[in-house]
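Sequence positions, counted from 1, serve as the residue numbers for this chain.
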Amino acid sequence: MTGRDYMETIRRVKREIRLLMEQIERDSVIAQGVTAIRYDVDRVQTSPVSDRMGDIVARITETTELLYDRISLLQGLEEDARRLLVNLKPEHERVLVYRYIDDMGWTQVSEKIGYNEKYIFTLRDSALNELDMLINNTISCASSD
């Protein structure tokens, strides 16, 4: 796995978390407009009984469980990344943390660090190359043990 792949995995999991949270919010709004089946009254109905509220609650529960799994995964990835990144040049570490862990856009990263965006891309490329070497060294040290 390259440094870029590793850092992009963090961004992808963050996107998944945002999407899951949005799904829970949408389902919650839907649930507010749905009435549950009342079993305490007699009903005459020609179509099969459907418990829409139960379906929505089940979907929210499943999505919430998946959300917690993704949050746990993200926490582990970020902890591992921070342990690796502290071994980089401070400038490289900041670029990768701001972009991939803090999820900033390139303009925000350049403003935060104080360099123009073109130079930030150069820093990013250097940082990812340095991270690749660090990952490869970590892997080769682990395999020789």
Side-chain angles (χ1 to χ4, degrees), residues 1-41 43 45-139 141-143:
M1 175 179 279
T2 67
R4 179 180 301 248
D5 293 338
Y6 187 78
M7 299 309 289
E8 283 295 333
T9 299
I10 293 172
R11 289 196 59 197
R12 181 182 48 77
V13 172
K14 283 183 184 245
R15 277 193 303 273
E16 289 175 12
I17 288 171
R18 278 194 302 275
L19 291 172
L20 290 168
M21 291 171 64
E22 290 170 7
Q23 182 64 48
I24 290 169
E25 189 172 324
R26 280 192 304 271
D27 287 343
S28 295
V29 168
I30 291 169
Q32 291 173 9
V34 173
T35 57
I37 295 176
R38 293 198 52 200
Y39 293 102
D40 61 336
V41 295
R43 290 184 54 166
Q45 189 169 331
T46 57
S47 61
V49 174
S50 168
D51 185 3
R52 189 155 183 239
M53 177 63 83
D55 294 343
I56 292 171
V57 169
R59 190 166 63 217
I60 290 172
T61 301
E62 289 171 11
T63 307
T64 302
E65 289 172 4
L66 184 56
L67 174 64
Y68 288 145
D69 289 346
R70 289 291 178 241
I71 290 171
S72 179
L73 172 63
L74 178 63
Q75 288 171 334
L77 288 170
E78 285 183 346
E79 286 173 13
D80 292 344
R82 286 183 190 277
R83 275 194 294 273
L84 278 172
L85 296 178
V86 328
N87 297 303
L88 303 179
K89 294 177 185 171
E91 209 170 44
H92 291 170
E93 177 187 8
R94 284 197 322 258
V95 167
L96 296 181
V97 167
Y98 290 153
R99 174 61 178 175
Y100 297 100
I101 294 178
D102 294 344
D103 208 21
M104 292 182 181
W106 289 116
T107 303
Q108 291 173 301
V109 173
S110 69
E111 290 170 357
K112 187 96 169 168
I113 293 180
Y115 295 130
N116 68 42
E117 279 188 55
K118 186 175 181 179
Y119 186 66
I120 292 296
F121 291 128
T122 303
L123 277 177
R124 181 226 28 218
D125 292 342
S126 297
L128 290 173
N129 287 335
E130 188 179 358
L131 183 58
D132 283 344
M133 289 189 297
L134 186 62
I135 289 171
N136 289 333
N137 288 340
T138 303
I139 291 171
C141 288
S143 64

For Y119 and E91, the nearest pair of non-hydrogen atoms, with its separation, is OH-OE1, 4.2 Å

A side-chain contact here means heavy atoms from C-beta on lying under 4.5 Å apart; do R11 and M7 qualify?
no

Of all heavy-atom pairs linking T107 and E117, the shortest is OG1-OE2, 2.8 Å

Only one of V95, V97, D80 passes side-chain contact (heavy atoms from CB on, under 4.5 Å) with L85; say which it is.
V97

List the atom of A81, the atom of I101, and the distance in Å for their closest heavy-atom pair.
CB-CD1, 4.1 Å

Do R4 and D125 come close enough that some side-chain heavy atom pair is under 4.5 Å?
yes

Find out whether T61 and V57 are in side-chain contact, i.e. whether some heavy atom of one side chain is under 4.5 Å from a heavy atom of the other.
yes

Compare all side-chain heavy atoms of V109 with those of D102 and state whether any distance is below 4.5 angstrom.
no

Using every non-hydrogen atom in the two residues, find where A31 and M53 come nearest and quote the distance to one decimal.
O-CE, 3.3 Å

Could you tell me whether the side chains of D5 and T2 share a donor-acceptor contact shorter than 3.5 Å?
yes

Knowing that exactly one of Q108, R18, R15 qualifies, which makes a side-chain hydrogen bond (donor to acceptor under 3.5 Å, both in side chains) with D103?
R18

Polar side chain donor-acceptor pair, E93 to Y98, under 3.5 angstrom:
no

Just verifying a value: how many Å separate I60 CD1 and E25 CD, rounded to the nearest 0.5 Å?
11.0 Å

Closest approach of H92 and L88, non-hydrogen atoms and distance?
CB-CB, 4.2 Å

Should R59 and T63 count as side-chain neighbours, where that means a heavy-atom distance under 4.5 Å?
yes

Using side-chain heavy atoms (C-beta onward) and a distance below 4.5 Å, is Y68 in contact with I17?
no

Can you tell me how far CD of E130 sits from CD1 of I135, rounded to the nearest 0.5 angstrom?
11.5 Å

For N116 and K118, indicate whether the former's side chain and the latter's backbone hold a donor-acceptor pair under 3.5 Å.
yes

Can you tell me how far apart OG1 (T9) and OH (Y100) are? Round to the nearest 0.5 Å.
11.0 Å

salt_bridge(R70, E65) N-O dist < 4.0 Å
no

Please tell me if the side chains of W106 and E111 come closer than 4.5 Å, counting only heavy atoms from C-beta onward.
no

Determine yes or no for a side-chain-to-main-chain donor-acceptor pair under 3.5 angstrom, with D132 supplying the side chain and G3 the backbone.
yes

Enter the distance from L84:CG to L96:CG here, rounded to the nearest 0.5 Å.
10.5 Å

Spacing of CD belonging to Q23 relative to CG belonging to L66, to within rounding of 0.5 Å:
10.5 Å

Under 3.5 Å, is there a donor-acceptor pair between the side chain of R99 and the main chain of M104?
yes

Separation between OH (Y6) and CG (L131), nearest 0.5 Å, reads 8.5 Å

